[in-house]
Amino acid sequence: MADEKESLNFIEQIIEEDLASNKHGGVVITRFPPEPNGYLHIGHAKSICLNFGVAQKYGGRTNLRFDDTNPVTEDTEYVDSIKADIRWLGFDWDDREYYASDYFPQLYEWAIKMIESGKAYVDDSTAEEIAGSKGTPTEPGKESPYRQRPEEESLDLFKRMRAGEFPEGTRVLRAKIDMTSPNMHMRDPVMYRIKFAHHHRTGDTWCIYPMYDFAHGQSDSIEKVTHSLCSLEFENHRPLYDWFIQALDIYPSRQIEFARLNVEYMLTSKRKLLRLVNEGFVRGWDDPRMSTISGMRRRGYTPASIRAFADRVGIAKRENVIEFSLLEYCVREDLNKIASRVMAVLDPLKMVITNYPAGQTEYLPTENNPEDPDAGLREIPFGKELYIERDDFLEDPPKKYFRLAPGKMVRLKSAYIVECTDVIKDASGIIQEIHVRYFPESKSGNDTSGIKVKGTIHWVAATKALDCEVRLYDRLFTVPNPSDDPQRDFTEFYNQESLQVIKHAKVEPGVATASLRQSFQFLRKGYFTLDPDSSAERLVFNLTVTLKDTWAKMAAKEQPA
RNA sequence: UGACCCAUGGUGUAACGGUAGCACUCCGGAUUUUGGUUCCGUCAGUCAAGGUUCGAAUCCUUGUGGGUCAACCA
């Protein structure tokens, strides 16, 4: 075994240094902290893989902690879907399912401690007044007239806020830091606000709720999180994160920021994803075109492929946009190893073998997966009438076309070599069916015909094939970064052809017993998975990703539009 | 006209003062009863200018370019 040194990302480097210096007693604790106000998407997947992955790697633990400090937007519905998505991705938090709301009593105590030590005060200003005196990034803010109010008075007011004596918006608790700080977050940030809202867990116990900045770091600290990994936009919050930890003299978790994931043609904004759903661009949160975990699951992406993707995109602080092709590569890589091969014709063209006995059905063995010898063989029916892919026949083929054409021969995969003898068209010139003759001695496995053909095509037996629906998906937008243009709304780049429904595709009979989540490779076409819309009478398949198609690429190059 | 952060092939990411590597993409070739897979190969990079050093992608300075911050959101 070669001892090539594994390259670490900058977070792993920090962790290894901390481990080496025994900073946390050899322990690594991370956390994944979603707010239960929406569905998880591909960006969260990166964070999940990072947080759980790094803890796993160093023998540590990862807590699942719901950041539920804003009751008006949060709901248990999201808690459930988030948990399901994380589990599906292949990670486990054992019994460490925490909620920021579990810490409300402790947070309240700490707030009181802050007031008592003169580090926090109740401000009677309105939201507008507070915003107005905040200053701008280049101008210092002004101190609130309530800033110097006696501690006892703040304490009394804060307790009465908690007791529900004041209406929403009338008072807040603020940290007393520095209104002239160049860092806006240090200009006396709000710690608590009044909200008479029903909380999904604490019900009506509270009418004051802590802000993110007075909850997140504290929650990390309570859980003794050693490395609190978050995205770049929280970089400016770090001084405040550290300030509270110091002021409270509590366990010093360390916040480390990394660049969030951006992927071409994919959105990772809850707001925008919500608009796609609400405005009917997609059928729901789990539409296979969505970048949500649930959408990708329905699309047929596997947990392993998403984990591989998260691994390959890397961790750094630089803004990035990952090419969509990398995601596609990761799915194909996984599915190629595990997906059973299946004969399916998406755009059927009837083929009649004129010299094959009518009414005869032959069962031919074919491999389930050439990449996996253990996958074994299955038998597929063959008969006089078949369906082949319409674009596997061309009346007037270009030079390097290896498929069927008048007078040309091809191999029918796992069956016989056929030669095209006739083309039957309707009055308008549309090809109705093609006639071929087959060579009995060219049977797959014991071909004694001596005939050499360049092309092999897939097929299904007309009388045995199952009729099914196939949904083909393409990128949701016509441009890689639909949010880039400030002049145009991202929905203007919606790809009208992102969904194409094929009502009557033909698939070999064996897939009748397919189960949900099972992936297939439709030979020469792509990877497909069963959609939950399927019923016993009617199968519905989703395209996960096409196979690479070098012929299409060649053809496109030689005849540029 | 502030603070903080970032800058390596087309894309993403390594190299921690000593030969700029890996993956994806692209292109070419071999194999192939999937124009798939696999295998081989080619092209291609340190934002700029100074400085420190025997030696700089790496350290320093100044520019340039990009990102974030002015919610009682997270």
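For the numbers below, each heavy atom of this structure counts, side chains included, while hydrogens, waters and symmetry mates do not. Residue numbers begin at 1 in each chain, while the letters A, B, ... track the order of the sequences. Predicted, not measured: the structure shown is a model, and the values here were computed from it.
- Consecutive pairing runs in RNA chain B reach the stem threshold at B:2-7 with B:64-69, B:10-13 with B:21-24, B:27-30 with B:38-41, B:47-51 with B:59-63, where a stem means at least three Watson-Crick or G-U wobble pairs with distances under 3.5 Å.
- Partners of A/R193 according to the salt bridge (charged side-chain N to carboxylate O under 4.0 Å, His left out) rule, which considers only residues two or more places apart in sequence or in another chain, do not exist here.
- Between the side chain of A/E323 and the base of B/G12, no donor-acceptor pair under 3.5 Å is found.
- Here B/U25 is the nucleotide among B/U25, B/G35, B/G12 with the atom lying nearest to any side-chain atom of A/S325.
- Checking the phosphate oxygens (OP1, OP2) of B/G35, no side-chain nitrogen or oxygen of A/T456 falls inside 4.0 Å.
- Heavy atoms of A/V321 sit under 4.0 angstrom from primed sugar atoms or phosphate atoms, though from no base atom.
- For B/C69, neither phosphate oxygen OP1 nor OP2 lies less than 4.0 angstrom from any side-chain nitrogen or oxygen of A/K134.
- A donor and an acceptor atom, one from each side chain of A/D68 and A/H200, are located under 3.5 Å apart.
- When heavy atoms are screened at a 4.0 angstrom cut-off, A/S444 is found touching base atoms of the nucleic acid.
- Nucleic acid contact class of A/S125 (heavy atoms, under 4.0 Å, all strands): base.
- Across residues 34-42 of chain A, A/E35 each have a non-hydrogen atom less than 4.0 Å from an atom of RNA chain B (numbered order).
- On a pure distance criterion of 3.5 Å, no polar donor-acceptor pair joins the side chain of A/R318 and the base of B/U13.
- Within the 4.0 angstrom heavy-atom criterion, base atoms lie near A/Q521.
- Residue contacts shown for A/R187 are absent, as no nucleic acid heavy atom lies under 4.0 Å away.
- By the 6.0 Å contact criterion, NZ on A/K454 is open, its count of non-hydrogen atoms from other residues, nucleotides or ligands being 12 or less.
- Of the candidates B/U34, B/A3, B/U37, the closest approach to any side-chain atom of A/K548 belongs to B/U37.
- Residue-level contact check: A/F402 touches the bases, meaning some heavy atom is under 4.0 Å from a base atom.
- At the heavy-atom level, A/T73 lies nowhere under 4.0 Å from the strands shown.
- Side chain A/Q13 to base B/C16: a donor-acceptor pair is found below 3.5 Å.
- Not one side-chain nitrogen or oxygen of A/K452 sits closer than 4.0 Å to the OP1 or OP2 atom of B/U33.
- Among the candidates A/V172, A/I130, A/T170, the single residue satisfying the side-chain contact (heavy atoms from CB on, under 4.5 Å) test with A/S125 is A/I130.
- Taking a centre distance below 5.5 Å and an interplanar angle below 30 degrees as the stacking criterion, A/Y212 does not stack against the six-membered base ring of B/A74.
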